[in-house]
Amino acid sequence: MATTPDYVAVNRDSWNNRTEAHLRSDFYDVPGFLRGASSLNAIELELLGNVAGQSLLHLQCHFGQDTISLARMGAAATGVDLSDKAIDAARGLARDAGTDARFVCCNLYDLPQHLDETFDIVFSSYGTIGWLPDIDRWAALIARYLKPGGRFVFAEFHPFVWTFDDDFQKVAYRYFNSGPIVETESGTYADRDAPISQKYVCWNHGLAEVIGALLRNGLALEVFNEYDYSPYNCFRHTVEVAPKQFRIEHLGDKIPMLYALVARKG
C-alpha cells in the first residue's frame, strides 16, 4: 500500500498545533472536567461496564480526558498518544484532577518499545484509526496488549461519514482504503475559528477492513452496534436532536454516523 514516508512527523505536528486550542475550547471544557465532569459518553460507558480494579490501556488518548475519566472510575489507566504537547498536557491534567493515570508518548506502532505489560481492557474511541495506515498492525497491537480473555472496546465514527466532503453535499472519497489522503485545514473541529492551520495525513478504513483485522488477530467479536448520530458536535451543518446527539441537518437519521464494538481475546 502506498503511504507517505513522513506521515508520523506530519501528524505529530498537526496534533501539537491543535492542542492549545483544544485545551481552551468549550468543546473539551477543561474547567468543567476538572470540577468532576466525565468526558465519556453513554455508548462507551455501556460497553465498558464496571472498570474498577481493572487495568486499561487507552490508545490515541489526545490530552487524556477519557483516560483520566476511566481512572476516576477506578481503572488503572494508561493513555498513549503521538503528540508530545498533548501528553504533557495530559500529565498536568491528571495531576490537577488528583488521579494516578499514566501516559506514554510515542507513535502507536512503536508502543512495544515503550510498554511491556498486558491489560484487562484496551480502549479506543472517536477519530482514531483514520490516522493509521495499517489496520492489521493496529489489531495485532491490540491482541499483544490484551490478557487472555481481555476485551477490546472501540467506538469510532462510521466510515460512511468519511466518504462525504466537509459540507456533506456529495460523496467525495472512496469508502475503501485507497492509500493516504493528504489535506490542510484551517481552525480545528473543536474551534473552527481558532487562528491555526495544519496539514495532516489520514486513511479511510471500511468496516470489513477493521473487523477482519481483529478476527485475523485472534479476537472474537461479541458486540457490534451502529448509530445514526454523533455524541460530538464536530461536523459542519449539525443539529442537536437530543442531548449529546448530533446529526447532519439535511441528512437527518438517514446515514450511520458511529459504530461501536467489543471483541475478546481467546
Side-chain angles (χ1 to χ4, degrees), residues 8 11-16 18-20 22-23 25 28-41 44-45 47-129 131-132 137-156 190 219 262-265:
V8 173
N11 287 341
R12 180 185 293 112
D13 289 347
S14 175
W15 283 100
N16 278 346
R18 290 180 175 99
T19 296
E20 188 58 40
H22 286 188
L23 288 165
S25 69
Y28 283 103
D29 186 20
V30 170
F33 179 77
L34 288 173
R35 289 193 297 269
S38 174
S39 62
L40 297 164
N41 301 296
E44 57 265 30
L45 285 169
L47 296 179
L48 284 162
N50 182 6
V51 299
Q54 298 191 64
S55 58
L56 186 147
L57 177 63
H58 180 197
L59 306 181
Q60 296 170 273
C61 68
H62 195 23
F63 61 86
Q65 284 184 310
D66 284 3
T67 317
I68 295 165
S69 292
L70 291 160
R72 284 169 165 170
M73 293 167 60
T78 300
V80 180
D81 200 82
L82 173 73
S83 165
D84 50 293
K85 287 190 176 180
I87 288 297
D88 285 347
R91 289 170 176 154
L93 198 62
R95 287 193 298 270
D96 292 345
T99 70
D100 59 359
R102 62 173 176 165
F103 295 93
V104 178
C105 183
C106 68
N107 174 28
L108 187 65
Y109 295 138
D110 295 336
L111 186 58
Q113 300 172 29
H114 300 266
L115 187 65
D116 185 21
E117 58 191 90
T118 55
F119 296 82
D120 298 310
I121 300 169
V122 174
F123 173 64
S124 184
S125 68
Y126 304 109
T128 55
I129 60 171
W131 305 103
L132 303 175
R137 194 174 174 190
W138 166 82
L141 195 76
I142 292 163
R144 181 256 180 264
Y145 279 105
L146 279 175
K147 295 177 181 178
R151 296 181 300 139
F152 174 51
V153 179
F154 185 46
E156 180 59 284
L219 301 182
V262 178
R264 190 178 298 271
K265 182 175 178 177

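With contacts defined as side-chain heavy-atom distances shorter than 4.5 Å, the pair L70/I121 does not qualify. Contact of the C61 side chain with the T78 side chain is not registered, since no non-hydrogen atoms from C-beta on lie closer than 4.5 Å. Taking 4.5 Å as the limit, every side-chain heavy atom of W131 sits out of range of all side-chain heavy atoms of L108. Using a 4.5 Å cut-off on side-chain heavy atoms (C-beta onward), R151 and V153 make contact. A heavy-atom distance below 4.5 Å is found between the side chains of I142 and L59. Residues V8 and D110 form no side-chain contact, since every pair of their non-hydrogen atoms from C-beta on lies 4.5 Å or further apart. Side-chain contact between L48 and M73: absent, with no pair of heavy atoms (C-beta onward) separated by less than 4.5 Å.
Counting only distance, with no hydrogens or angles, the side chain of S39 and the backbone of Q65 share a donor-acceptor pair below 3.5 Å. Between the side chain of K265 and the backbone N or O of A143, at least one donor-acceptor pair lies under 3.5 Å.
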>> Using side chain to side chain contact (heavy atoms under 4.5 Å, CB included), reason through V80 and C106 one step at a time and then give a plain yes or no.
In response: CA-CA 7 Å; V80 180; C106 68; 4.1 Å; yes
> Run the side chain to side chain contact (heavy atoms under 4.5 Å, CB included) check on L34 and L93 step by step: do they pass?
Replying inline: CA-CA 8 Å; L34 288 173; L93 198 62; 3.6 Å; yes
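For N50, there are no side chain to side chain donor-acceptor pair (under 3.5 Å) partners at least two apart in sequence or on another chain. The side chain to side chain contact (heavy atoms under 4.5 Å, CB included) test applied to R137 returns Y109, D134, not counting sequence neighbours. With sequence neighbours excluded, the residues satisfying side chain to side chain contact (heavy atoms under 4.5 Å, CB included) with P31 are D29, R35. Partners of E117 by side chain to side chain donor-acceptor pair (under 3.5 Å), not counting sequence neighbours, listed by chain and number: R102. In terms of the salt bridge (charged side-chain N to carboxylate O under 4.0 Å, His left out) criterion, D100 has no residue partners (sequence neighbours excluded). Judged as a side chain to side chain donor-acceptor pair (under 3.5 Å), and not counting sequence neighbours, the contacts of R144 are D116. Annotation: salt bridge (charged side-chain N to carboxylate O under 4.0 Å, His left out) contacts of R72 (sequence neighbours excluded): none. A search for ring pair (Phe, Tyr, Trp, His ring centres under 6.0 Å) contacts involving Y126 returns F157, Y232, not counting sequence neighbours. Evaluation of the salt bridge (charged side-chain N to carboxylate O under 4.0 Å, His left out) rule for R18 yields E185 as partners, not counting sequence neighbours. Judged as a side chain to side chain contact (heavy atoms under 4.5 Å, CB included), and not counting sequence neighbours, the contacts of S55 are F119, D120, K147.
Between the CG atom of L115 and the CG atom of L141 there is a distance of 9.5 Å, given to the nearest 0.5 Å. Interatomic distance, NE2 of H114 versus SG of C105, reported as 8.5 Å (0.5 Å rounding). The distance from atom CD1 of I68 to atom CZ of F33, rounded to the nearest 0.5 Å, is 4.5 Å. The CG atom of D66 sits 6.5 Å away from atom CD of E44, with the distance rounded to the nearest 0.5 Å.
Sorted by first and then second residue, the salt bridge (charged side-chain N to carboxylate O under 4.0 Å, His left out) pairs involving residues 77-91 (not counting sequence neighbours) form an empty list. Among residue pairs with one or both ends in residues 53-89, those qualifying as ring-ring contact (aromatic ring centres under 6.0 Å, His included) are W15-H62, H22-H62, Y28-H62, Y28-F63, H58-F123; sequence neighbours excluded.
Between A94 and A101, the shortest heavy-atom distance links the atoms CB-O, 4.1 Å. Shortest non-hydrogen contact noted between F103 and G64 is CE2-CA, 3.7 Å.
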